[in-house]
Number of protein chains: 2
Amino acid sequence: MQERVDEESVSPLYLRVRDHLAAQIAKGLLTPNTRLPSERILAEEHDTTRVTTRLALAQLEAEGRIYRSNRRGWFVSPPRLIYKPTHDYSFSENVTAQGRVPATETLDVTSTQTNSWLATRTGMAVGDPIVWLRRRRQIDGRPVLVENIYLNPKRLPGIETYNFDRSLWKLLREQYGVELRGKQIEMYPTALVDPQASAIGVTAGTAGLYVTRCSRDADGCFVEFDEEFWLHDALSIQVEVS
Amino acid sequence: MQERVDEESVSPLYLRVRDHLAAQIAKGLLTPNTRLPSERILAEEHDTTRVTTRLALAQLEAEGRIYRSNRRGWFVSPPRLIYKPTHDYSFSENVTAQGRVPATETLDVTSTQTNSWLATRTGMAVGDPIVWLRRRRQIDGRPVLVENIYLNPKRLPGIETYNFDRSLWKLLREQYGVELRGKQIEMYPTALVDPQASAIGVTAGTAGLYVTRCSRDADGCFVEFDEEFWLHDALSIQVEVS
DNA sequence: AAGTGGTCTAGACCACCAC
DNA sequence: TGGTGGTCTAGACCACTTG
């Protein structure tokens, strides 16, 4: 629906480099997860310097078209995962249903106490016992999010003894008979900083989406608070209201 | 709830510059919408170059802590607007209720035809008449979003004759008796590019949030498709499900 | 007119990864 | 070990905004 066109006559060099790469991606010359030529080669091809080339790459990264992996290079971004945070859902099933390969790693499980930050968000009292779970999740081998999950051990006795490399939602339903109700979801775009950036394996400052979700059971009892740090190009949020 | 701490011993210079500025903002030495010292002065203060200083500023911008305004300088970001896209709501009332000052500008209104992109999203047929409205909205004098709104003139006869510098939602309800139902919302983080970037007055590549919303009336008839381009630091999305 | 950010050059050294 | 991105220097000119 876009009729107005850029005056592309005298656009800055870094935007012309961006457009050149974007066109190659659009044409299918560069397909998802393939590596781009190195920054030095791209600079040479466009008769410019690495600084300018990196400006162009940063633009494409900000648009979600390419991503970097450690120091291995720049890669074409795959399609965004469609994510419906209002649904009870299994990450693995959702990823699989979209033709991708999921993976989950539990980073650590800690029995600790509710602090004031968590208390205001969950209704728990400061000092109440809480189980803190950290996980990293991947799509097609690429880590796309890390999450902090805070579980209420009063409602979920023995929860810390389970294996968390699977669907938490199924575990809650099958082992504890929990039907989640009354979700409060908040999200905003922000940069990933340490320790989340290093947990995902990206440079600090990489664009991300911060999502929190507070879930209660049918009785209004607090069950779970989830704090997710996504790579910004990895997902598209969908919400339906009737 | 963050126990693990960064090894801050040998962090890169640009992160130390970032941390220094972030600390000043956190302490309240720099308050929302105040200007930061110029890049050249910051570079001198930290005994480095503009390139490194700009890396630090870009980090803070990505985190949503500062923003830039044309070539006027860098400013401390105000708090994010809380935005509940599932609600029927008035931008102006929402902004006002949060103690801020809203403004709306209609950029143009065009009677045109449904194209294939819009048809697949709305259920209209290609070639059906559609009214296309572009608006820019501000908070406290800062443009924070531009939007394309596509209205169904079959359901809303004469809609193109109204003044749109006010709440569209109220107009629909009061003049056409429309109660919106069945919203489909989709959103993802991406960079703002032209023409949206220039419409907001930011550099192409500035981080943004893309939001679409398709609304129908109680009979399931398509009423409105809204496409919003937000500055990424201007909002926090909230959704509640029961 | 002076100052700001926007763009760009032509190099350099380092940490890390793959071979 | 060679190539990658990550960080950094010390400049330059330009477009635009503000006084």
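Throughout, protein chains are lettered first and strands after them, A, B, ... in sequence-line order, and every chain is numbered starting at 1. This structure is a prediction, so every number in the text was calculated from the model and none was measured.
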Requested in this report: Given side-chain contact (heavy atoms from CB on, under 4.5 Å), test L168(B) with R135(B) step by step and report yes or no.
Outcome: CA-CA 11 Å; L168(B) 182 60; R135(B) 299 198 294 193; 4.0 Å; yes
With respect to the phosphate group of [N], does any side-chain polar atom (N or O) of [X] fall under 4.0 Å of OP1 or OP2?
X       : N       : result
R54(A)  : dG6(D)  : yes
T203(A) : dG6(D)  : yes
T49(B)  : dA10(D) : no
T48(A)  : dC8(C)  : no
T52(B)  : dT9(D)  : yes
R72(B)  : dT18(D) : yes

Query raised in the report: Taking atom types as they are modelled, is there a donor-acceptor pair under 3.5 Å from the base of dG5(C) to the side chain of R40(B)?
Result: yes
Report summary line: Separation of dC16(D) atom C1' from R68(B) atom CZ, nearest Å, is 15 Å
Query raised in the report: Separation of R50(A) atom CZ from dG5(D) atom C1', in whole Å?
Result: 6 Å
Report task. Take L36(A) and L13(B), find for each the nucleotide of DNA chain D with the closest heavy atom, and name the residue whose nucleotide sits nearer the 5' end. Result -> L36(A)
Requested in this report: Run the numbers on E39(A) and W74(A) for side chain to side chain donor-acceptor pair (under 3.5 Å), then give the verdict.
Outcome: CA-CA 9 Å; E39(A) 295 177 356; W74(A) 296 85; 3.0 Å; yes
Query - Residue pair N148(B) / F225(B), side-chain heavy-atom distance below 4.5 Å - result: no
